[in-house]
Amino acid sequence: MKEELSQLIQSSLETLVAQGDLPSDITPAIQIDRTRDKAHGDLASNIALTLAKAAGAPPRDVAAKICAALPDARFVEKTEIAGPGFINFFLSQDSNQAVVHKILDAGERFGHSDAGKGQKVQVEFVSANPTGPLHVGHGRGAAVGDSLCRLMAATGWDVSSEFYYNDAGQQISNLALSVQARCRGLGPDDAEWPADGYAGGYIQDVADAYRAGDTVDAQDRHVEAAGDVENLDAIRDFAVAYLRREQDQDLKAFAVDFDVYFLESSLYNSGEVEATVERLIAGGHTYEKDGALWLRTTEFGDDKDRVMRKSEGGYTYFLPDVAYHLNKWQRGFTRVINEQGADHHSTVTRVRAGLQALDTGIPEGWPDYVLHQMVTVMRDGEEVKLSKRAGSYVTLRDLIDEVGRDATRYFLVARAATSQLTFDIDLALSQSNDNPVYYIQYAHARVCSVVRKLAEQGIGWEKSDGLAHLDRLEEDAEKALLRRLDRFPEVVSQAASAAEPHSVATYLRELAADFHSYYNAHKMLVDDESLRAARLTLSEAVRQVIANGLHLLGVSAPESM
RNA sequence: GCGCCUGUAGCUCAGUUGGAUAGAGCAGUAGCCUUCUAAGCUAUUGGUCGAGGGUUCGAAUCCUUCCAGGCGCGCCA
């Protein structure tokens with residue numbers, strides 16, 4: 001609709017230029033916005049305001065000329081000039097009702113587009129190391145990342161989701177030592193407890209399972225416990241598999257799945273880490289200092305140079321990070337979105353700098369990042385500190401068990417990633433009925449309920465009948481719903497391109513509010529047959545859009561509550 | 001000290017990429033269930049958009065300087 005309107009304005013401007021009312025050297029960017037206030041019509045353009053100076057006339061006069069030169073179009077009912085010189089377009093009833101046809105035709109695909117043209121995109125998220133259960137911060141990453149995947153897929157991208165984890169570094173050694181210590185009956189207060197050991201109670205569970213000789217199947221591995229307390233390698237393999245399985249189960253309970261699990265160790269095994277460091281040295285961007293090998297990342301915008309190889313010979317995490325992203329690039333992902341906690345934001349400049357130093361034609365701004373700010377967890381009015389080592393811990397599983405999957409996902413995805421998030425457990429628990437997610441789901445269930453009621457009364461209902469009588473929808477509440485429904489595709493494409501899934505949540509709340517308001521003011525099961533069919537058809541369209549939107553957030557759309 | 005993010009109603013947050021009189025929810029106040037699910041609706045109270053300066057027809061939005069909070073600034077990840 002915006003496109004068609006834009007062409008009308010373009011045509012009008014060309015006429016005015018030909019008449020000499022506008023200078024011929026203008027290059028107008030025609031902008032059309034949805035109006036915030038329905039008194040301003042359906043769509044509005046500021047074109048006259050932007051052209052006033054070039055035209056040498058007051059904006060309202062320019063607007064009048066543009067309107068006069070507009071070609072006739074069926075879908076435009078009338079135009080008005082308002083305020084400082086806006087042109088407001090009032091669309092015809094027909095064009096406002098057309099959205100119902102579109103929704104019922106497209107069904108689950110309404111709101112989708114082919115903007116991505118089938119291009120490959122990889123979304124990496126969560127990427128927690130297997131040293132403990134997932135916490136709330138991972139949950140935010142999972143909710144945002146998964147929703148982002150759904151949005152990219154809905155807008156025509158070929159999406160691959162990926163989970164990267166460190167399965168061999170220092171942290172994993174600490175994990176193995178911690179489990180071994182627990183096997184020996186030690187605790188964090190004992191003198192022999194490992195220096196950087198993990199104190200969480202879950203370590204005891206791992207130790208018990210190891211000694212019992214349990215078998216563990218995780219998404220990407222199968223391990224049988226050796227049971228030997230002296231065998232640190234066996235303990236490490238078992239502990240990693242055990243915690244990977246825990247994380248898999250957490251993610252499954254959260255309805256989040258990954259296409260690829262990528263192991264840091266594979267980059268060493270394949271020689272890619274070594275190849276990367278050699279390439280960086282060959283490129284002349286490195287130097288030795290204090291026995292370590294440095295990369296001159298300051299040449300690429302970093303604020304200080306970074307160590308790649310430590311004086312003791314091992315690599316820092318920085319190097320495998322670069323090798324990993326080179327690997328992504330070589331897999332053909334010209335678009336990559338990394339969803340991470342903002343506490344790791346310093347890696348952004350560093351990884352990009354390392355990739356530039358490789359000089360392989362990777363664009364400067366590649367990859368994209370979505371950084372979510374920290375999640376603070378409140379319980380009993382106090383902040384719960386998240387520390388794996390101290391063992392005081394709010395896991396994602398705790399939240400799912402207590403608050404429910406839908407509410408947890410909604411809460412974690414409904415706010416802009418750039419904003420810090422306070423997750424008040426008490427609030428989520430005590431006011432679970434007031435959670436916005438139920439408000440939206442209830443609107444969906446209400447439509448289903450009305451349809452059920454209809455069936456109970458033995459009354460039939462044909463969508464085609466409703467579609468034929470959409471002109472019966474004359475109430476303000478019905479027009480408001482039509483306007484709201486028509487916006488959905490724009491919300492989806494904007495949320496996808498800006499990587500902001502929260503705007504879908506905002507939209508759904510508004511749509512649900514419109515519907516609840518309508519439901520209370522007007523009865524759907526009226527005796528007037530054509531009006532009844534029209535209202536049911538509109539309601540079905542609302543139900544479909546709510547279901548589509550909730551699906552993008554990974555939240556269920558129940559038929560009854 | 002430097003870098004990134006944030007600052008909008010008592011609280012939690014939106015704000016269509018610079019548009020018209022800044023919006024929701026919760027909390028508060030006053031109402032609505034013999035009628036399709038009251039997990040709902042209606043009305044109403046509440047604002048110098050952190051502060052100052054700038055850019056222009058027009059700023060919560062862009063630039064700049066401060067103030068406040070969060071995160072980061074390791075040969076940890």
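In what follows, chains are A, B, ... by sequence order, proteins preceding strands, each numbered from 1. In what follows, every heavy atom counts, from backbone to side chain, and hydrogens, waters and symmetry copies are set aside.
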Assigned partner base of G7(B), Watson-Crick or wobble definition, under 3.5 Å
C67(B)
Counting only N and O atoms by type, is there a donor-acceptor contact under 3.5 Å from the side chain of S517(A) to the main-chain atoms of A513(A)?
no
Within the supplied structure, the quantity of interest is the number of heavy atoms (other residues, nucleotides, ligands) at a distance under 6.0 Å from D37(A) CG; does it exceed 12?
yes
How close do L148(A) and A499(A) get, heavy atom to heavy atom, and via which atoms?
CD1-CA, 3.6 Å
Please work out if Q420(A) contacts a base, only the sugar-phosphate, or nothing of the nucleic acid, heavy-atom cut-off 4.0 Å.
base
May I ask you to say what A342(A) touches in the nucleic acid, namely base, sugar-phosphate or nothing, with a heavy-atom cut-off under 4.0 Å?
sugar-phosphate
Between P of U8(B) and CZ of R415(A), the distance in whole Å:
13 Å
Counting the atoms with a prime plus P, OP1 and OP2 as sugar-phosphate, which does S503(A) contact under 4.0 Å by heavy atoms, base, sugar-phosphate, or nothing?
nothing
From A14(B), C75(B), A20(B), pick the nucleotide closest to the side chain of T35(A)?
A20(B)
What does K453(A) touch in the nucleic acid at a heavy-atom separation under 4.0 angstrom: a base, only the sugar-phosphate, or nothing?
sugar-phosphate
Using a heavy-atom cut-off of under 4.0 Å over every strand shown, decide if R309(A) touches base, sugar-phosphate, or nothing.
nothing
Within 45 degrees of the axis of the six-membered ring of F515(A) and under 6.0 Å from its centre: does R484(A) put its NZ or CZ there?
no
Distance between the C1' atoms of U55(B) and C73(B), in whole angstroms?
34 Å
Which of the following nucleotides, C36(B), A77(B), G40(B), is nearest to the side chain of S449(A)?
C36(B)
Short side-chain N/O contact to C75(B) OP1/OP2 from K289(A), under 4.0 Å
no
Does G19(B) have F86(A) stacked on its base, where the ring centres are within less than 5.5 Å and the planes differ by under 30°?
no
Can you tell me if R509(A) touches the phosphate of C13(B), counting only side-chain N or O atoms and a distance under 4.0 Å to OP1 or OP2?
no
Applying a 3.5 Å limit to both distances, which nucleotide forms a Watson-Crick or G-U wobble pair with A22(B)?
none
Checking base pairs now: Watson-Crick or wobble, both atom distances under 3.5 Å. What partners G58(B)?
none
Taking the P atom of each, how far is U12(B) from A38(B), in whole Å?
32 Å
Suppose you measure atom C1' in A14(B) against the same atom in G3(B); what distance do you get, rounded to whole Å?
28 Å
Distance between C1' atoms of A9(B) and G52(B) (Å, rounded)
23 Å
Would you measure the distance from the C1' atom in C26(B) across to the matching atom in U45(B) and give it in whole Å?
15 Å
Counting any heavy atom closer than 4.0 Å, what does F318(A) reach on the DNA or RNA strands: base, sugar-phosphate only, or nothing?
nothing
Remember a base hit wins even if backbone is also touched, and classify A416(A) as base, sugar-phosphate or nothing at under 4.0 Å, heavy atoms.
sugar-phosphate
Taking only the side-chain heavy atoms of N520(A) (C-beta and beyond), determine which of G40(B), U17(B), C57(B) contains the nearest atom.
G40(B)
side-chain N/O Y315(A) vs A77(B) OP1/OP2, d < 4.0 Å:
no
Could you check whether A44(A) gets within reach of a base, just the sugar-phosphate, or nothing at all, counting any heavy atom under 4.0 Å?
base
Could you give the distance separating C5(B) and A22(B) at their P atoms, to the nearest angstrom?
28 Å
Determine, for Y507(A) and R487(A), whether the Lys NZ or Arg CZ falls below 6.0 Å from the six-membered ring centre while staying within 45 degrees of the axis.
no
Establish whether the base of A77(B) is bridged to the side chain of Y317(A) by a donor-acceptor pair shorter than 3.5 Å.
yes
Check the distance between A24(B)'s P and L511(A)'s CG and give it to me in whole angstrom.
16 Å
Is any N or O donor-acceptor pair between the side chain of D303(A) and the base of G3(B) shorter than 3.5 Å?
no
Which of these nucleotides, C4(B), A20(B), C5(B), is closest to any side-chain atom of H345(A)?
C4(B)
Paired with A43(B) by Watson-Crick or G-U wobble geometry, both distances under 3.5 Å: which nucleotide is it?
U29(B)
Quick test of your reading of the model: are R34(A) and D486(A) salt-bridged, counting only N-O distances below 4.0 Å?
yes
On the side chain of N88(A), is there an atom forming a donor-acceptor pair with the base of A20(B) - under 3.5 Å, no angle test?
yes
Please report the interatomic distance CD1(I337(A)) to CD(E162(A)), rounded to the nearest 0.5 Å.
13.5 Å
Where the side chain of M561(A) is defined as all heavy atoms beyond and including C-beta, which of C71(B), A39(B), A20(B) is the nearest nucleotide?
A39(B)
Is a donor-acceptor pair below 3.5 Å formed from side chain R487(A) to base U16(B), judging by atom type as modelled?
no
Of T506(A) and K304(A), the one whose closest nucleotide on RNA chain B sits nearer the 5' end is T506(A)
Base, sugar-phosphate, or nothing for H372(A), non-hydrogen atoms under 4.0 angstrom?
nothing
Between A14(B), A20(B), U56(B), spot the one nearest the side chain of K53(A), thanks.
U56(B)
Tell me whether C33(B) sits syn or anti, counting syn as a glycosidic angle within 90° of 0.
syn
Does the side chain of S419(A) get closer than 4.0 angstrom to OP1 or OP2 of C5(B) through an N or O atom?
no
From C-beta outward on V307(A), which listed nucleotide comes closest to its side chain: G72(B), A39(B), C75(B)?
C75(B)
Return the nucleotide paired to U17(B): Watson-Crick means purine N1 to pyrimidine N3 with N6-O4 or O6-N4, wobble means G-U with N1-O2 and O6-N3, both under 3.5 Å.
none
Which part of the nucleic acid, if any, lies within contact of A443(A), taking any heavy atom under 4.0 Å across all strands shown: a base, the sugar-phosphate backbone alone, or nothing?
nothing
Side chain of Q494(A) (C-beta onward), nearest among A20(B), G40(B), U17(B):
U17(B)
How close or far is atom C1' of G15(B) from atom CG of D37(A), stated in whole angstroms?
15 Å
Hunt down the Watson-Crick or G-U wobble partner of G72(B), both distances under 3.5 Å, from any strand shown, or write none.
C2(B)
Taking CG from L485(A) and P from U16(B), how many angstroms apart are they, rounded to a whole number?
21 Å
L525(A) CG to C36(B) C1', straight-line distance once rounded to whole Å:
5 Å
Scan D290(A) against the nucleic acid and name what it touches under 4.0 Å (heavy atoms): base, sugar-phosphate only, or nothing.
base
Quiz item: H344(A) side-chain donor-acceptor pair to G72(B) base, under 3.5 Å:
no
Closest to the side chain of S311(A), out of G40(B), U17(B), C75(B), is C75(B)
A68(B) versus C32(B) - spacing of their C1' atoms, nearest Å
45 Å
Cation-pi geometry met for R509(A) and Y439(A) (6.0 Å, 45°):
yes
Should the pair D528(A)-R472(A) be classified as a salt bridge under the 4.0 Å nitrogen-to-oxygen rule?
yes
What interatomic distance, in whole Å, is found between C1' of G50(B) and the corresponding atom of G69(B)?
11 Å
Taking syn as any angle within 90 degrees of 0 and anti as the rest, which one fits U34(B)?
anti
Lys/Arg-Asp/Glu bridge criterion (N-O < 4.0 Å) met for E339(A), R140(A):
no
What's the closest nucleotide to the M524(A) side chain, out of A77(B), G70(B), C36(B)?
C36(B)
Looking only at N and O atoms, is any donor in the side chain of S517(A) or the base of C41(B) less than 3.5 Å from an acceptor on the other one?
no
